[in-house]
Amino acid sequence: METTVTRLFKNDEGRVVGALAYTRESGRFIHFKAKAVVMATGGWGRNYKVTSNSWEGTGDGAVLAYDAGAELVDMEMVQFHPTGMVWPPGVRGLLVTEGVRGEGGVLRNSEGERYMENYDPEKMELSTRDVVARANYTEVTEGRGAPTAGSTWISRTSGTTAS
Ligand SMILES: Cc1cc2nc3c(=O)[nH]c(=O)nc-3n(C[C@H](O)[C@H](O)[C@H](O)COP(=O)(O)OP(=O)(O)OC[C@H]3O[C@@H](n4cnc5c(N)ncnc54)[C@H](O)[C@@H]3O)c2cc1C
């Protein structure tokens with residue numbers, strides 16, 4: 001816990017044999033020696049302006065592996081969650097659970113149009129995350145977003161939330 005790896009070590013044959021880390025509480029360095037190293041450092045949502053990811057989700061692991069000579073593939077395959085808070089600033093980045101769409105929440109653009117009809121008329125708001133996220137993005141980039149930057153609306157019987 002509270003330990004950050006900053007570098008992987010390789011031997012003369014180019015094999016990864018350990019890592020350098022520091023403990024965040026004390027700032028002390030640790031040298032790990034290992035026969036094998038498994039990277040499990042999560043994604044890189046923190047590279048985006050609005051994210052629900054923890055502050056540690058910076059893609060460190062991908063960079064560590066890349067610096068050690070690994071080939072990175074499918075880097076563009078980031079999954080975007082379609083609904084989250086963008087306004088007010090205090091809640092920016094909080095996830096709005098998929099459950100709101102499951103329970104009947106509908107997505108609307110600035111013209112009041114339920115735009116999922118144009119993207120997946122069969123499944124509507126219950127379409128897959130990638131389809132709904134792309135629909136949101138299209139609505140925003142084509143100028144039909146909510147006044148708060150980069151968002152549309154999710155609404156139910158009363159009240160609205162920027163998503
Ligand atoms: C708000 C939110 C809600 C979610 N809800 C669901 C859900 O309901 N159901 C579901 O299935 N999935 C959900 N997910 C997705 C799920 O959490 C992730 O897919 C999953 O946690 C990824 O696991 P992982 O082990 O790859 O990475 P992570 O769980 O991100 O673990 C990576 C770990 O690596 C550590 N790390 C990173 N860099 C370093 C470093 N340099 N040195 C040392 N340690 C490092 C991090 O601190 C972290 O502990 C949700 C995600 C979010 C953000």
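Residue indices begin at 1 and follow the sequence shown. Atoms within a ligand are numbered from 1 in the order they appear, just like the ligands themselves.
- Following chains of ILVMFWY side-chain contacts shorter than 4.5 Å, one can reach Leu94 starting from Leu107, so the two form part of one hydrophobic cluster.
- Shown here, atom 32 (C) of ligand 1 is in close reach of the protein: a heavy atom of it lies under 4.0 Å off.
- Within the set Gly61, Gly59, Ser52, the minimum heavy-atom distance to atom 1 (C) of ligand 1 is found for Ser52.
- Distance screen at 4.0 Å: atom 51 (C) of ligand 1 has no protein heavy-atom neighbour inside the cut-off.
- For the residue pair Thr4/Arg24, the side-chain donor-acceptor check at 3.5 Å is satisfied.
- Counting only heavy atoms, the protein gets under 4.0 Å from atom 40 (C) of ligand 1.
- Taking a distance limit of 4.0 Å, we find that atom 10 (C) of ligand 1 is approached by no protein heavy atom.
- Ligand 1 places these atoms under 4.0 Å from at least one heavy atom of Asn53: 53 (C).
- At a cut-off of 3.5 Å, with distance as the only test, no side-chain donor of Asn53 or Tyr48 sits close to an acceptor on the other residue.
- Hydrophobic clustering, with ILVMFWY side chains joined whenever heavy atoms are under 4.5 angstrom apart, groups Tyr66 together with Val78.
- Note: the hydrophobic cluster containing Val38 does not contain Val16 (ILVMFWY, side chain heavy atoms under 4.5 Å, direct or indirect links).
- The protein non-hydrogen atom at the shortest distance from atom 5 (N) of ligand 1 is Leu95 CD2, 4.8 Å.
- Within the 4.0 Å heavy-atom criterion, the part of Thr3 lying near ligand 1 is the backbone and not the side chain.
- The contact set between ligand 1 and Asp60, taken as ligand atoms under 4.0 Å from a residue heavy atom, comprises 38 (N), 41 (N).
- Atom 3 (C) of ligand 1 is flagged as protein-proximal [any protein heavy atom, distance under 4.0 Å].
- No side-chain donor-acceptor contact under 3.5 Å links Tyr137 and Glu142.
- Distance check for atom 43 (C) of ligand 1: a protein heavy atom is found below 4.0 Å.
- No continuous path of hydrophobic side-chain contacts links Leu8 to Val63 [ILVMFWY only; heavy atoms under 4.5 Å].
- The existence of a salt bridge linking Arg15 and Glu13 is excluded, since no basic side-chain nitrogen approaches an acidic carboxylate oxygen closer than 4.0 Å.
- Atoms of ligand 1 found under 4.0 Å from any heavy atom of Thr41, numbered from 1 in the order shown, are 32 (C), 34 (O), 36 (N), 37 (C), 38 (N), 39 (C), 45 (C).
- Proximity of atom 13 (C) of ligand 1 to the protein is not indicated, since no non-hydrogen protein atom lies closer than 4.0 angstrom.
- A continuous path of Ile, Leu, Val, Met, Phe, Trp and Tyr side chains, each step under 4.5 Å between heavy atoms, connects Met75 with Phe80, placing both in one hydrophobic cluster.
- Comment: Arg46 does not engage Glu56 in a salt bridge, judged by the lack of any side-chain N to carboxylate O separation of less than 4.0 angstrom.
- Defined by atom type and a distance below 3.5 Å, a donor-acceptor pair is missing between the side-chain atoms of Tyr22 and Thr3.
- Taking OG1 of Thr152 as the start and CD of Glu139 as the end, the distance is 7.5 Å to the nearest 0.5 Å.
- Not a single N or O atom of Leu64, backbone or side chain, sits closer than 3.5 Å to an N or O atom of ligand 1.
- In this structure, Ala40 has a heavy atom closer than 4.0 Å to ligand 1.
- At a 3.5 angstrom cut-off on N or O pairs, Thr4 does not count as close to ligand 1.
- By the definition of a contact as any protein heavy atom under 4.0 Å away, atom 17 (O) of ligand 1 is not in contact.
- Closest to atom 30 (O) of ligand 1 among all protein heavy atoms lies Gly42 CA, 3.7 Å.
- Residue nearest to atom 47 (O) of ligand 1, selected from Glu56, Arg24, Met1: Glu56 (by heavy-atom distance).
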